[in-house]
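Owing to the predicted nature of the structure, the values given are computational and were not obtained by experimental measurement.
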Amino acid sequence: MNDTLQYLLDLLDLERIEQDIYRGDSHPSVIPRVFGGQVAAQALVAACRTVTDDRLPHSLHSYFLRPGDPGAPIVYQVDRIRDGRSFTTRRVVAIQHGQPIFHLSASFQVHEEGLEHQEEMPQAPDPESLPTADELLPRYADTFMHPDVVPLLLEARRAIDLRYAVEPPYATVGEPREARSRVWFRTDGKIQGVHDNPVVHLCLATYVSDMTLLDSVLLAHGRGGWTVGDVVGASLDHAMWFHRPFRADEWLLYDTDAPTTQNGRGLARGQIWTRDGRLAVSVIQEGVVRVPRDRS
């Protein structure tokens with residue numbers, strides 16, 4: 001396991017400071033606020049710490065309330081809403097500087113057998129045939145607002161091997177395209193030892209799910225993204241449904257689309273598939289997507 005992956009796993013290993021109260025640090029981000037996927041993953045970790053091992057999260061619903069300060073720890077307070085025979089419900093509030101920055105509700109279920117079906121997995125090139133971030137990002141260095149963007153992006157995502165199966169938004173600035181994006185991702189190394197449990201894999205997928213979800217919104221309008229500077233935005237809410245077991249250290253296909261953009265907001269939907277074709281996770285997010293005032 002490489003150092004950057006170990007750092008990410010340590011980031012998700014929250015410190016318990018009191019009954020149902022946990023504290024976590026932050027990973028440096030390209031933008032001057034806490035990465036949304038991080039706070040969502042840490043909040044899910046906090047919720048999971050209060051639930052018995054026989055129950056795994058099957059859904060989460062969350063709201064981003066305020067920008068997080070990457071220089072300050074985040075306190076997570078868990079409210080034990082309900083413990084039923086089959087389902088358990090938890091609510092988590094993330095707090096910084098005395099104010100809530102994020103709310104999450106998560107539902108857990110004991111495993112049970114039942115009816116089963118799923119859609120067919122979309123087609124995508126093999127991940128090994130696609131360029132790595134180290135190979136792709138430097139090609140577009142002149143597109144970004146600042147020369148430091150490439151090294152900052154590479155450092156921020158070093159623990160995740162993420163490969164675009166279609167051209168990313170910053171590669172086709174000014175060219176509206178189908179509002180659909182696909183990326184393959186996995187952790188950059190195998191997860192072993194005490195970290196290798198289903199909860200960690202679920203929380204890692206939660207972390208990654210916020211990385212490229214709004215790409216499909218940008219593609220529909222020929223926008224390059226936050227690092228290019230032709231839009232400003234932020235996540236507003238984030239919902240996930242966990243359908244089937246998966247490993248975050250094995251290739252997962254993240255297929256996203258954007259059915260609508262309006263009123264300064266864009267809606268994105270995503271599905272995460274295992275390489276052998278099992279639908280593992282569904283995701284929906286709405287985000288602020290605005291054109292800067294000094295641009296047309």
Check your understanding: Taking only residues at least two apart or on different chains, which pairs with a member in residues 56-80 satisfy salt bridge (Lys or Arg N to Asp or Glu O under 4.0 Å)?
Key -> D20-R80, D79-R91
Practice item. Give me the other members of the hydrophobic cluster that L219 sits in, counting Ile, Leu, Val, Met, Phe, Trp and Tyr linked by side-chain heavy atoms under 4.5 Å, directly or via other members. Key: none
Review point. R177: what forms a salt bridge (charged side-chain N to carboxylate O under 4.0 Å, His left out) with it, not counting sequence neighbours?
Key: none
Check your understanding: Can you name the residues that form a ring pair (Phe, Tyr, Trp, His ring centres under 6.0 Å) with F87, not counting sequence neighbours?
Key -> H58
Point to revise | Listed partners of H146 passing side chain to side chain donor-acceptor pair (under 3.5 Å), at least two apart | key: none
Practice item. Could you work out the complete set of other residues in the hydrophobic cluster of M121, with links drawn between I, L, V, M, F, W and Y side chains under 4.5 Å apart? Key: L130, W184, W251, L253, W273, L279
Point to revise | Qualifying side chain to side chain donor-acceptor pair (under 3.5 Å) pairs with a residue from residues 42-53, counting only residues at least two apart or across chains | key: D13-R49, Q38-Q42, Q42-Y76, T50-R90, T52-D54
Review point. Taking only residues two or more places apart in sequence, or in another chain, which ones meet E18 in a side-chain contact (heavy atoms from CB on, under 4.5 Å)?
Key: I21
Check your understanding: Listed by chain and number, what are the salt bridge (charged side-chain N to carboxylate O under 4.0 Å, His left out) partners of E167, not counting sequence neighbours?
Key -> none
Check your understanding: What pairs meet the ring-ring contact (aromatic ring centres under 6.0 Å, His included) rule with one or both residues in residues 151-175, with sequence neighbours excluded?
Key -> Y140-Y170, F144-Y170
Point to revise | Connected-component partners of V166 among ILVMFWY, side-chain separation under 4.5 Å | key: none
Exercise for review: Hydrophobic side-chain clustering at under 4.5 Å (ILVMFWY, transitive links): who's grouped with L267? Put none if nobody.
Suggested key: W241, I284
